[in-house]
There are 4 protein chains.
Amino acid sequence: MNIKTADEKQQKQALIAETALKMFEENDFYDISINAIAQRSHVAKGTVFNYFKTKENIFMHLLLVGYQEFFLQTLNQLQQAKLTTTDELKSFLLTNTKDLIENHLTLIKLNALRGPVLEGKASREETIEGRKKLYEVHEQLAQFIHDSFPSIDVKTANKIFIIQSSIASGLINLSNLDSFNQEPIPGNMDDFKVSILNDSMETFDFYLTGLLGK
Amino acid sequence: MNIKTADEKQQKQALIAETALKMFEENDFYDISINAIAQRSHVAKGTVFNYFKTKENIFMHLLLVGYQEFFLQTLNQLQQAKLTTTDELKSFLLTNTKDLIENHLTLIKLNALRGPVLEGKASREETIEGRKKLYEVHEQLAQFIHDSFPSIDVKTANKIFIIQSSIASGLINLSNLDSFNQEPIPGNMDDFKVSILNDSMETFDFYLTGLLGK
Amino acid sequence: MNIKTADEKQQKQALIAETALKMFEENDFYDISINAIAQRSHVAKGTVFNYFKTKENIFMHLLLVGYQEFFLQTLNQLQQAKLTTTDELKSFLLTNTKDLIENHLTLIKLNALRGPVLEGKASREETIEGRKKLYEVHEQLAQFIHDSFPSIDVKTANKIFIIQSSIASGLINLSNLDSFNQEPIPGNMDDFKVSILNDSMETFDFYLTGLLGK
Amino acid sequence: MNIKTADEKQQKQALIAETALKMFEENDFYDISINAIAQRSHVAKGTVFNYFKTKENIFMHLLLVGYQEFFLQTLNQLQQAKLTTTDELKSFLLTNTKDLIENHLTLIKLNALRGPVLEGKASREETIEGRKKLYEVHEQLAQFIHDSFPSIDVKTANKIFIIQSSIASGLINLSNLDSFNQEPIPGNMDDFKVSILNDSMETFDFYLTGLLGK
DNA sequence: GATGAATGAGGGTTCATTCAT
DNA sequence: TATGAATGAACCCTCATTCAT
């Protein structure tokens, strides 16, 4: 138990990270204590700090690794999809957005934390390293799109995914205006109702149409 | 003197709120202490609590009142603009978005706080009351658009403004990916660069085009 | 209770400081917790931090203020003593040393903490301010000696008090070599025995003789 | 290989001890972690604890063994010096003090830790054993002086070395009063300036003169 | 109404020490 | 014997909130 392989170490780190992720699905960053993460991971508080230097590092890790995985998966799917028309691409991207919102909502929530909260105390080196890896994957993805659709330049392809997250992230922020703490506000506020999924997809759809041409 | 008129009371409340707003332009919610707000308002800490039951109430107030004012102003401008074509409307809305981003960025930042942070401790009653007032203004604005452009139904008009804020709010979250704590990350990360203003306007432009028809 | 005069505030600060001093008579810096200081002062933990920004500030305060008082008292006594011969001066200084050791041992112990421990986290500004005040008093004392004994220049007079503390401080460090945690070590270790008081006085006596001439 | 000879064991213990000594030259006890000692020794953390029961034991060991070596060396030098007059003795002792301060400052710093910090958690048995060995060497040294200078009794000879360390130790504590965290305090504080070496030697010189007679 | 002193729960983090391998 | 992962007690400190005046 005392000498761990790199793999075993990664597993424990992943255990802690996944616990934090689960908790972040239900609570906000400031309502999640290291103590609670440790307990729910069945690990001592000190152990958490053996794997992450600060609390912020845990969540920065979730953000960076989570997005890397998401974009890698997207790249894979794209490669297998063998799209030929921009309509197919649009359709693919909308499905991809659905996946992002339905299965990776925490990523989108983490975006809001990154600048104002996480960067302040996350390790500069690790963050930059992770950010660069992420940039690479992002570029690969964009490059692949450009290769498949030469009319879409790499820069534009990159932006597509940034806007994708932006839209979803923004709609989370504007959701639930017709309720307070999950409880519906009495009276009619129907026009404040937002469906994160539907509205994201509609907005992104319009964006893609505008960007890629009718 | 120790019995204040309703007006005097409102003035002091406004003073505190404005101070908090100024501070929120420069710092994040969790980096702004009640103490600091009190000091910068030249008021005692206890006085702050005489006007706002909790810290979260202050910022919920800023959000609600700020948006009310913004939408009222928008309504005014709209009434004076006497638009006739949807192109003019689009143009108006884009200019309005520019105003929102350039002069009311705090509103957009506050959106990200609302659900996860503010609602937890903000007064339910006051929030609901404010939310209803806001809804009313929002509806008036939407109604006016509908009246001017019967093809745009009220629900759609409402949504326009929600998407407007969503897009800007989301782009804030995705900005500065090419730097860490304001310092640029060495190496090329150009494709991560985001211009909150330009990209918001472009995205909103495409959205409006899609929504309102070519 | 809510608006304290400067005087009342100083009293509470003094209360906390004195509690810390008492505890420092019995325990080492690292064995004294803020919690314990608060409890023994019948005050909440937070209150301690209302009066001292850091734990180190408390003890730096004790050191600076303690020495200021000691030197002021020494100056007073000196003024009243109206010494005329250097033998009288020597005698006075030895009695003064006795007082320092018997009634202000904590000051001497605090000297050992200052550089390596306190300066790291004590407020730079407050410390420098206190240090300057102390320097002033020290200079006054030295000046008075010089005025009374023109053959002793001010620099030399200053050094007298620095050596006085050094000797006492050093002898504390070398004391109790014949015991371990207060319990005597079995067997004869008589030649390791040190009397802080007697040996300080003897050493200081020899020092003064050497310095001031036979 | 996993059964080490006594000599091999001592070598590893010495390696760890020497590393700790080096680190203590640059940092304070509380700023040196077992982790850091282990790393700089190229040894695992657990290994450190195989050789020293507690952190305090390491430094107590440094103190005891360091002084033993210093006094043995002093004894050797004394035996070779073949002094005949007390003036020569004084001169020898001052040179010896210079050596202590210039090459063994850590010993003097360790004195300040011994009572308040180390004894609390150092092994009683090992400390007492080391202290007795030290006492023996100390006595030999004193005895040799007495044999060479019958007018100096053994007790007095012993005390000479205790005062030697006391003076140096005390002056360390009172040094750097004219700076804060290595940075000079602005303004004139010349009379607070201390030269550990010069002032130790002067003080010790006067002490010896007083003790041994003019 | 205004004040600001007092509160204390709660936070993140450190680090000597243990012990299974 | 060597290892280093796991532990968890203990620490200092923050800050929204209360309430006596």
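Fair warning: this is a prediction, and the values are worked out from it, not measured in the lab. Naming: A, B, ... by sequence-line order, numbering from 1 per chain. Basis for what follows: all heavy atoms, side chains included, without hydrogens, waters or symmetry-related copies.
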Item to complete: Could you pull out all residues at least two apart from A:Y67 that satisfy ring-ring contact (aromatic ring centres under 6.0 Å, His included)?
Response: A:F71
Rounded distance in Å - [atom1] ([X]) to [atom2] ([N]):
| X | N | atom1 | atom2 | result |
| --- | --- | --- | --- | --- |
| D:I37 | F:dG4 | CD1 | P | 17 Å |
| C:I34 | F:dC15 | CD1 | P | 17 Å |
| B:F29 | F:dC15 | CZ | P | 12 Å |
| B:Y30 | F:dC15 | OH | P | 12 Å |
| D:N35 | F:dA5 | CG | P | 10 Å |
| C:Q39 | E:dA6 | CD | C1' | 16 Å |
| A:E8 | F:dA5 | CD | P | 10 Å |
| A:K12 | F:dA5 | NZ | C1' | 8 Å |

[X]: partners by side chain to side chain contact (heavy atoms under 4.5 Å, CB included), with sequence neighbours left out:
| X | value |
| --- | --- |
| B:S123 | B:K53, B:N57, B:E125, B:E126 |
| A:Y30 | A:D28, A:V117, B:Y30 |
| D:L105 | D:I101, D:I108, D:I172 |

Discussion item. If a pair means Watson-Crick or G-U wobble with both distances below 3.5 Å, what does DNA chain E look like in dot-bracket form, with | marking bases paired to a different strand?
Written reply: .||||||||||||||||||||
Discussion item. So, taking the atom named NZ in C:K22 and the one named CG in C:N27, what distance separates them when rounded to the nearest 0.5 Å?
Written reply: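 Atom-to-atom, C:K22:NZ and C:N27:CG are 14.0 Å apart.
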Item to complete: Taking the side chain as every heavy atom from C-beta outward, state whether B:E56 and B:F29 have any atom pair closer than 4.5 Å.
Response: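 SC-SC contact between B:E56 and B:F29 confirmed.
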Practice prompt. Among residues two or more places apart or on two chains, list those pairs meeting salt bridge (charged side-chain N to carboxylate O under 4.0 Å, His left out) that have a residue in residues 30-43 of chain D.
Written response: D:E26-D:R40
Worksheet item: B:E119: what forms a side chain to side chain donor-acceptor pair (under 3.5 Å) with it, not counting sequence neighbours?
Response: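 Side chain to side chain donor-acceptor pair (under 3.5 Å) list for B:E119, sorted by chain: B:R114, B:R131.
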Fill in: Set of residues satisfying side chain to side chain donor-acceptor pair (under 3.5 Å) with respect to A:T19, sequence neighbours excluded
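With sequence neighbours excluded, A:T19 shows a side chain to side chain donor-acceptor pair (under 3.5 Å) to A:S41, given in chain and number order.
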Worksheet item: By a strict heavy-atom criterion of less than 4.0 Å, which residues belonging to residues 42-66 of chain A are in contact with DNA chain F?
Response: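 Nucleic-acid contacts, sorted: A:V43, A:A44, A:K45, A:G46, A:T47, A:N50, A:Y51.
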